[in-house]
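Here the structure comes first, spelled out in structure tokens, and everything after it is commentary.
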Amino acid sequence: MKKIAIVELHQETNSFSQVLTKRINFDSLVHHYDENVYEIIKKYPFQIAGFLKYIKKHHKNEVEAVPIMTAWSNSGGPIEKELFDYFQTYILEKLREQQWDGIYLSMHGAMGVEGIQDPESHLLGAVRDLVGYEIPIAVSLDLHANVTQKLVDQATFITAYRTNPHRDHFKVGFKTSKILVNTVLGNIKPVMAFRKMKLLKGGGFNIDFLKPMRSIFRAMSRMEKNKKVLSVGNFMVHLWIDEPEMGWSCIVVTDDDKELAEDLCEQLANRNWEVRDHKHPELDTPTQAIQKVKRSWLKRLFGTAIICDVSDLVAAGAPGENTHILRTLQQEANGLTVYIPLRDEEEVNRLYDRSELEMVEVKVGRKLDSVYNEEVQLKGQILKKGETEFGRTVVIKSRGIHLILTQLPCPIFRPSFFKELGLSLWKADITVVKNLFPFRLFFFLYNRLTVNVATAGITNVNVFELEYKHIPRPIYPLDDISDWK
């Protein structure tokens, strides 16, 4: 039996956030080791589930896959170095225990760690130092990864998500397993081509089934119809990381055909460059958003309007305590039923032992981010308390505003969050979310109007207003350049 180790570590960092990612952020989502990995993938059938499925379906008598760790955190500031060191030490100790024929590393690609540049390459390098370069190591990444030359040099091959909003985790694991297992068995020999682009675009620009990326992803699918092509990846980088190798990337993996890989990778980079001027989605102020909602009264009869808090995207690493939209709702949303999440561990802990239906006053904001946020006061009734996936949670109703205070950052990807708190989306005029892509998929049943709102915050999608200090220059659109190379 060939033996393959499985290691999974996912976190997406916002370099502009001062709020560190700690162990509690992993514990609240996914943080499991060894045999316990099998149980958690039943709840989250993502990459590891797909990886194991391929082996079970095609090579169960030839290959044994051994999960070592799976750890996922929501996006945030850099990971505490002590925690990252713990993860790396554990992984290396487990790898030392056995002889391996292959290793699968499932990572995000935009992770940050205190004091460590390019931590995913750092981790892969430590693994290579231990096992050498003869053992094939497969790496799968989010399509918002910032792929570096060091990562490419150390991986045998790299695969990528092909959907945004992400909905192909299982497929990515399945594909990666197919390539790695057949590499281990000697059936194929993966080779990679890599292109790094002087391109910095995002913020609603890169949804796979909408313009301008739809035609590019279709072209990638056509490339993969060639039996020699094992994988095509397009990495439209996470905007909010400040790294020396920042920029979009392309990777093509073929079966021992370097010339083909290089040619297709060049084609893909050129396609990306051709759509660089496509306009971003329209952004509104909070006042403009509320006016749009009020005018759309007929749509609201059959669902809810969703305000995407673009400048406080928890799913892109923001703290999640933006008070700008809340303040405007207090002033201008009279007569509307509103659900709005806000992170405030201090207030949650203070209120958690108070009685439901009790009248309380809260002061929220400016506790984690004192640069962009302002303190807002609100008086209302405790409607609900309980434990959610974002820790302790308290719902306070102030007239039509339902302020949902959470202990941990709260992106709200799925409608189930509101349902578990007894809040019906059919009754809401406005629902505020703090993620840029997933809600567009998961809230489809309820969403009748999407309004993208910009205020002050660290997930500003206007790259001209972000305080980059380390990214390479020149880079488009910050600089007027005529070529991606």
Side-chain angles (χ1 to χ4, degrees), residues 7-23 25-26 69 71-92 103 105-131 133 137 139-156 158 160 192 194-202 233 235-251 316-319 458-459 463 466-476 478-479:
V7 177
E8 188 165 64
L9 179 57
H10 276 252
Q11 190 264 4
E12 181 182 53
T13 286
N14 189 309
S15 297
F16 307 108
S17 174
Q18 301 302 309
V19 185
L20 294 177
T21 296
K22 302 181 179 182
R23 182 167 184 143
N25 300 105
F26 287 92
M69 182 185 88
W72 291 64
S73 167
N74 283 315
S75 301
I79 297 173
E80 286 185 314
K81 186 177 185 300
E82 182 180 356
L83 178 59
F84 178 79
D85 289 343
Y86 169 79
F87 285 143
Q88 179 169 291
T89 298
Y90 183 86
I91 292 164
L92 296 177
I103 298 171
L105 280 178
S106 170
M107 301 188 290
H108 185 282
M111 182 168 67
V113 175
E114 281 185 298
I116 299 178
Q117 184 178 307
D118 193 10
E120 279 133 332
S121 294
H122 182 90
L123 174 59
L124 180 53
V127 173
R128 278 295 186 201
D129 288 342
L130 176 65
V131 303
Y133 278 81
I137 298 180
V139 175
S140 66
L141 301 174
D142 189 297
L143 55 70
H144 292 113
N146 185 47
V147 185
T148 65
Q149 186 65 56
K150 184 177 179 182
L151 191 69
V152 172
D153 291 342
Q154 296 176 140
T156 304
I158 297 173
M192 272 195 299
F194 171 58
R195 295 291 186 275
K196 192 70 181 184
M197 307 182 65
K198 296 177 180 178
L199 182 60
L200 190 60
K201 295 280 284 188
F235 300 92
M236 303 166 291
V237 69
H238 178 62
L239 282 182
W240 300 281
I241 49 177
D242 191 11
E243 292 288 344
E245 290 186 59
M246 181 70 154
W248 284 34
S249 306
C250 309
I251 288 179
I458 66 170
T459 54
V463 294
L466 294 173
E467 296 182 4
Y468 294 114
K469 296 178 181 178
H470 305 292
I471 64 172
R473 303 294 292 267
I475 192 168
Y476 183 87
L478 297 180
D479 303 292

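Worth saying up front: this structure is predicted, and the values here are computed from it rather than measured.
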S73 vs Q11, test: side-chain hydrogen bond (donor to acceptor under 3.5 Å, both in side chains). Steps then yes/no.
CA-CA 5 Å; S73 167; Q11 190 264 4; 5.1 Å; no
Determine whether E114 and F84 make a side-chain contact, defined as any pair of heavy atoms from C-beta on separated by less than 4.5 Å.
no
Residue pair G317 / S75: nearest heavy atoms and the distance that separates them
N-CB, 3.3 Å
Return the minimal non-hydrogen interatomic distance between P119 and V113, and the atom names on each side.
CB-CG2, 3.5 Å
pair D242-I471: side-chain heavy atoms closer than 4.5 Å
yes
Identify whether NZ of Lys or CZ of Arg in R23 sits under 6.0 Å from the centre of the six-membered ring of Y86 and within 45° of that ring's axis.
yes
Working to the nearest 0.5 angstrom, can you tell me the gap between M246 CE and N146 CG?
6.0 Å
Of all heavy-atom pairs between G233 and A160, which one has the smallest distance, and what is that distance?
CA-CB, 4.0 Å
Partners passing side-chain contact (heavy atoms from CB on, under 4.5 Å) against Q149 (at least two apart in sequence or in another chain):
V152, D153, F194, E245
Drop me the distance from L200's CG to K198's NZ, to the nearest 0.5 angstrom.
13.5 Å
Shortest non-hydrogen contact from Y468 toward L239
OH-O, 2.6 Å
Across all chains, not counting sequence neighbours, the side-chain hydrogen bond (donor to acceptor under 3.5 Å, both in side chains) partners of E8 are T70, W72, S106
All side-chain hydrogen bond (donor to acceptor under 3.5 Å, both in side chains) counterparts of Y133, not counting sequence neighbours
none
Any side-chain heavy-atom pair from L466 and W240 closer than 4.5 angstrom?
yes
Nearest-0.5 Å distance that lies between atom CE in M107 and atom CD in E120:
5.0 Å
Working note: L9 + M69, criterion side chain to side chain contact (heavy atoms under 4.5 Å, CB included); need CA distance, chi angles, decisive distance, verdict.
CA-CA 8 Å; L9 179 57; M69 182 185 88; 4.1 Å; yes
Show the nearest heavy-atom pair for residues A145 and G109, with the distance to one decimal.
CB-CA, 3.5 Å
Between the CD atom in E12 and the CG atom in D142, the distance rounded to the nearest 0.5 Å is 6.0 Å
Can you tell me how far OG1 of T459 sits from NE2 of H238, rounded to the nearest 0.5 angstrom?
9.0 Å
With rounding to the nearest 0.5 angstrom, report the OG to CG distance, S249 to L151.
9.5 Å
Test your reading of the model: is there a side-chain donor-acceptor pair from K22 to the backbone of L83, 3.5 Å cut-off?
no
Apply side chain to side chain contact (heavy atoms under 4.5 Å, CB included) to L199 and I475, showing your working.
CA-CA 6 Å; L199 182 60; I475 192 168; 5.7 Å; no
With a 4.5 Å cut-off on side-chain heavy atoms, are K201 and W248 touching?
yes
Can you confirm whether H144 sits close enough to V237 that some side-chain heavy atom of one is under 4.5 Å from a side-chain heavy atom of the other?
no
Taking only residues two or more places apart in sequence or in another chain, which ones pass side-chain hydrogen bond (donor to acceptor under 3.5 Å, both in side chains) with D129?
none
Using side chain to side chain contact (heavy atoms under 4.5 Å, CB included), reason through E243 and Q117 one step at a time and then give a plain yes or no.
CA-CA 8 Å; E243 292 288 344; Q117 184 178 307; 3.2 Å; yes
Side-chain heavy atoms of T21 within contact of T13, under 4.5 Å
no
Minimal non-hydrogen separation, P78 against S17, with atom names
CD-O, 3.8 Å
Passes side chain to side chain contact (heavy atoms under 4.5 Å, CB included), N25 versus N74? Steps please.
CA-CA 7 Å; N25 300 105; N74 283 315; over 6 Å; no
Is any side-chain heavy atom of L123 closer than 4.5 Å to a side-chain heavy atom of F87?
no
For H108, which residues count as a ring-ring contact (aromatic ring centres under 6.0 Å, His included) partner, sequence neighbours excluded?
none
Any side-chain heavy atom of F16 sitting closer than 4.5 Å to one from I241?
no
For the side chain of N14 and the backbone of G76, is there at least one donor-acceptor N/O pair under 3.5 Å apart?
no
For S121, side-chain hydrogen bond (donor to acceptor under 3.5 Å, both in side chains) partners two or more places apart
D118, T148
